[in-house]
Amino acid sequence: MGHEYKDYSKESCPSVKNILLLDSEGKRVAVKYFSDDWPTHSAKLAFEKSVFAKTLKTNARSEVEITMFDGYVVVYKFVHDLHFFVTAGDDENELILASVLQGFCDAVGLLLRNDVEKRTALENLDLILLCIDEIVDGGIILETDANTIAGKVAANAVDGAVPFSEQTITQALATAREHLARSLLK
Amino acid sequence: MAEPLVKKDDDRDDEADYSPFMGIEKGAVLQEARVFNDPQLDARRCSQVITKLLYLLNQGETFTKIEATEVFFAVTKLFQSKDTGLRRMVYLMIKELSPSADEVIIVTSSLMKDMNSKTDMYRANAIRVLCRITDGTLLTQIERYLKQAIVDKNPVVASAALVSGIHLLQTNPEIVKRWSNEVQEAVQSRAALVQFHALALLHQIRQNDRLAVSKLVTSLTRGSVRSPLAQCLLIRYTSQVIRESSVNTQTGERPFLDFLESCLRHKAEMVILEAARAITELSGVTSRELTPAITVLQLFLSSSKPVLRFAAVRTLNKVAMTHPLAVTNCNIDMESLISDQNRSIATLAITTLLKTGNESSVDRLMKQITNFMSDIADEFKIVVVEAIRSLCLKFPLKYRSLMNFLSSILREEGGFEYKKAIVDSIVILIKDIPEAKEGGLFHLCEFIEDCEFTYLSTQILHFLGNEGPKTSDPSKYIRYIYNRVILENATIRASAVSTLAKFGALIDSLKPRIFVLLRRCLYDSDDEVRDRATLYLNMLGGDGLVGETDKDVKEFLFGSLDVPLVNLETSLRNYEASEEPFDISTVPKEVKSQPHAEKKAPGKKPSGLGAPSSGPTSAGDAFEKLLSAIPEFSGFGKLFKSSAPVELTEAETEYAVNVVKHIYDGHVVFQYNCTNTIPEQLLENVTVFVDASEAEEFSEVASKPLKTLPYDSPGQSFVAFEKPEGVPAVGKFSNLLKFIVKEVDPSMGEADEEGVEDEYQLEDFEVVSADYMLKVGVSNFKHAWDNMGADCERVDEYGLGVRESLAEAVSAVINILGMQACEGTDVVPSNARSHTSLLSGVFIGNVKVLARISFGIDGPKQVAMKLAVRSEDQAVSDAIHEIVASG
């Protein structure tokens, strides 16, 4: 609504067209579009439906998987009942996209204390939305390192004494847990 | 035992369905948002409400203008809270609401305060929010802070400012361009992502200044770019510079190639891939330049990561289109990918193999594909079918196994697009490979026995009507066709009736049987079917009435409609029922725009069933119709060949003109396709004045001006020349476009009364020997060569001097001759020292010509060739040698 997106050409910056987090039935948990390719709500839903159907039968649990259709490249990974997707134009460098997806998955894993499933994700939806906000800004990649992303989301860390990326994983988890404690609807 | 297990499953189902947002409702959440106005803010509760609002938006819920405004104002109150978590949610919410200009003013001061806060997290996010919602006027106020932020020591703040700069450059370029110095400083940042964002912004600021981009690339390729993402960017910018500068160097060394090659040894895979892809996409890339890139891609093929395998096979697939031999080294790795879990990878591997495969590997490949086809989606199958079609055209001797494959997949399950791709392929093979005709037609007949797609059935019946009667035993098709009349819907029945009539018209021995069948159709329940049956019975004389002459009948059944369908439609709409019957000869034949020339891509095959084979299947036929409709040219006889359009103007000039050379036995017609690209002008009486003083054997006989040429609506002007009958006369023509210009007011669309005469110089062009040669392939060259015999053979040897490469020499000779390379012999293996090309064509006067050329190259790139030409006429064999001798 109201945003204008530039169509970044190949000569330009790598760009992401959307980040999707769907459940095991293809329903939205959290989505963010950075492109006008899908101008209406129904166009977005149609895209999500087709990307979900095309990837459903594949095994994207241990490694990031990839597919190409309708002029888009989609990288994806499944964790428990959550399906993570990152979409770009079909001339985009697949490995850059994979790094965005990996950053997203791992940051969510850190923020949810490895309890990566739909219910926890919804209970911590604020963290998921902030997480997406810290990964891509208007289609441009902001950050792909999971520790840094999670650090920025889990408040106070950016200007805190110890940067999140230098904390140990345990510390990171502790920070996230602290945030969890005040999480919504509990 | 079983019971508790079931119960547990039920429990889990309940759990899975549980959602903290269950039963959430917009109205209620909007009510809850009133807590934002509480004097004592509860930060936790406010965060929760914002999350709920974001959840609603995320699920596709929309707020009315009033609701959005109310929420926005309420949210702005939350800046009073010191809670950092809540502030983050406020930022997010403001971005989602994308407030209007007058609303933005409300939050500006709060956000500017955050921009100057001591808290870096506030600063970074406030910059991103403010830049997202701001307009130009506000931007000048905060510009100073943004410039500082770009060089801030905190990388998150710097990145936020840089990325915002990239977005703002679209709307306020003049402001962002003033930040160059700061951005340049940020490019040197130690923080990986700051460097990446700074480089992206710097390039976009300078992208219209080639020199600046070139300097940027030159300095950075020498220095050390730390972040892999920034390195990928640098590779993209480098290939851009290479693309724009590739022409100038004389040494043949490509600038920056060593940089790209060094990136192939980078430790980050994304950089290696970016560099490998950049190398494969260099224009006119040589096989030597390709080798290191292919080598790293080959390693990726056996990676455990699907993304890496996909990226590699996709790139190699593209390379295979232009340099199939460069990819053959990867064939073994590629074959193991056919069984890849990821079907995208498997399909790409298959199609790459089909492109690079040689004649001997076809059978083995087909076996592997057969196992593979059953478990991929239709869209992948279409890709495979298309690859098989082109493979078959490349190796016509293998048509049997490829045709069998196509027919077997035609019998299996599949959607319309997939089936259409198969049918189209079979049709093309039937047209191109005469030996495949009978088998192919039989497969199509089998298919319509059980075909669920009306469109495909009617198209096949139409095709069968044209091709079936020309086979050795046409009667065997009648059964299949008449079955359609009995079993199918009205549309298919009607087309089956037409097909029966075609058999009747061409084969007298079948006529009595056809009449019996057609008479049965007179009792059909459908009007169209009955009408057609009646019409054909009358025409063919089946009811003892006086039939029309044989020629008329055939013309009616097989001839193509000689008026454009659009014109016919308009005329029929305008026709009012009266005593006077509709007369088709009153329909204008002139084609308004000319879609033919644009569509004609060199070497493109006619697209299957789309058009009837006797009708305009190629641009040539379309041209013939266009030209014969012009009375001045109707006496020139049969059109022998039409060339591809030759551009006579530079791109993006006022008037775009190209010419198509139409060759007749004793004439040539130049068709000038003109486009007027100036909206303020209307051109009238457009003629081309041709100076043929350097084309002695030609004399101008007719010129057909173009009456009007409005803006952006192409039209044609023609000039015809006489030349000695049957002689491949050559010459150079210079051209001057003459016309009357009238000013047009684009808003009104009306032209002035008065016009001014003007002229416009066009480029010269030549009529060359290749214009008299039709590219006509033969499926089995050796067979054709032996059959032609050595009666009119002429063999000679020629030195071609120093050439760039063997491949370049081969393609130059093929181009000069204008003949069709057979059996894929136009492709030269990368390291070959010698090569033989087999060419075939039809020379003017309809003389078949075959040529066998053996090329050899020695150390200093001296190329020699031995040319053996066989034809039906010694004079033509000699003429071909003359072309080479003078070329």
Side-chain angles (χ1 to χ4, degrees), chain A residues 1-4 6 10-14 24 28-32 41-42 44-45 54 58-60 63-69 73 75 81 93-99 118-119 122-123 125-126 129-130 133 137-138 140-145 148 152-153 155-159 179 182 184-185, chain B residues 15-16 18-21 44 47-48 50-51 54-55 58-60 62 84-85 88-89 92 95 98 118-121 124 128 132 154 156 159 163 166-167 170-171 193 196-197 200 203-204 207 229 232-233 236-237 240 269-270 273-274 277 304-308 310-311 314 341-342 344 377 379:
Chain A
M1 203 172 83
H3 295 311
E4 278 176 30
K6 195 210 164 195
K10 180 140 206 258
E11 253 92 71
S12 159
C13 213
S24 56
R28 281 180 178 186
V29 175
V31 299
K32 183 76 188 163
H41 181 57
S42 55
K44 292 182 174 84
L45 286 182
K54 279 180 204 302
T58 58
N59 179 14
E63 294 282 357
V64 170
E65 273 290 350
I66 183 161
T67 188
M68 189 168 63
F69 67 95
V73 169
V75 291
D81 54 356
N93 183 323
E94 298 88 339
L95 298 176
I96 294 181
L97 295 182
S99 75
K118 181 188 175 187
R119 182 177 170 163
L122 283 173
E123 282 170 355
L125 189 66
D126 52 345
L129 293 173
L130 286 173
D133 184 59
D137 181 298
I140 296 175
I141 300 164
L142 266 185
E143 181 57 78
T144 59
D145 179 69
T148 318
K152 288 192 202 170
V153 172
N156 292 328
V158 181
D159 55 335
H179 190 95
R182 348 176 245 103
L184 81 154
L185 307 180
Chain B
E15 216 172 288
Y18 167 78
S19 155
F21 299 104
R44 199 176 67 93
S47 277
Q48 286 173 5
I50 291 184
T51 309
L54 288 171
Y55 174 82
N58 222 288
Q59 295 297 318
T62 49
T84 48
R88 296 297 305 278
M89 297 311 284
L92 215 48
K95 279 199 270 188
S98 48
K118 289 211 163 49
T119 314
D120 285 337
M121 194 271 293
R128 284 171 55 202
R132 168 60 53 89
N154 184 311
V156 181
S159 278
V163 171
I166 297 174
H167 296 312
Q170 316 309 324
T171 48
L193 280 139
F196 164 60
H197 295 134
H203 176 261
Q204 287 199 10
Q207 62 184 346
L229 277 172
C232 288
L233 277 186
R236 288 182 194 188
Y237 304 157
Q240 190 188 347
E269 282 162 344
M270 69 169 75
L273 173 65
E274 190 75 44
R277 206 168 265 172
S304 65
K305 295 182 194 160
V307 176
L308 217 48
F310 175 90
R314 181 154 81 115
Q341 288 277 320
N342 183 317
S344 305
E379 55 200 273

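To find a chain, count down the sequence lines: A is the first, B the second, and so on, and within it residues start at 1.
Residue A/Leu130 holds its CG atom at 8.0 Å from OG1 of B/Thr51, rounded to the nearest 0.5 Å. Going from atom CG of A/Leu125 over to atom CZ of B/Phe21 covers 4.5 Å, rounded to the nearest 0.5 Å.
Using a 4.5 Å heavy-atom cutoff, the side chains of B/Met121 and A/Lys152 are not in contact.
The contact between A/Thr67 and chain B is made by backbone and side chain atoms together, counting heavy-atom distances below 4.5 Å. Residue contact with chain B, scored on non-hydrogen atoms closer than 4.5 Å, is absent for A/Lys44. Interface remark: A/Val29 contributes backbone atoms only to the contact with chain B (heavy atom separation under 4.5 Å). Residue B/Leu229 touches chain A through its side chain alone, counting heavy-atom pairs closer than 4.5 Å. Contacts between B/Gln341 and chain A at a heavy-atom distance below 4.5 Å are absent for every atom of the residue. For A/Ser24, no part lies near chain B; criterion is any non-hydrogen pair under 4.5 Å.
In this structure a side-chain-to-backbone donor-acceptor pair under 3.5 Å is missing from A/Glu65 to B/Pro306. For the pair A/Asp126 (side chain) and B/Met89 (backbone), a donor-acceptor distance under 3.5 Å is absent. A donor-acceptor contact shorter than 3.5 Å links the side chain of B/Asn58 to the backbone of A/Val31. A distance-only check finds a donor-acceptor pair linking the side chain of B/Asn342 to the backbone of A/Ile66 [under 3.5 Å].
For B/Phe310, there are no ring-ring contact (aromatic ring centres under 6.0 Å, His included) partners at least two apart in sequence or on another chain. With sequence neighbours left out, A/Glu94 forms a side chain to side chain donor-acceptor pair (under 3.5 Å) with B/Arg277, B/Arg314.
In terms of non-hydrogen atom pairs under 4.5 Å with chain B, the most contact-rich of A/Thr58, A/Leu142, A/Val75, A/Leu129 is A/Leu142.
Using a cutoff of 4.0 Å between basic side-chain nitrogens and carboxylate oxygens, A/Asp137 and B/Arg132 are scored as salt-bridged.
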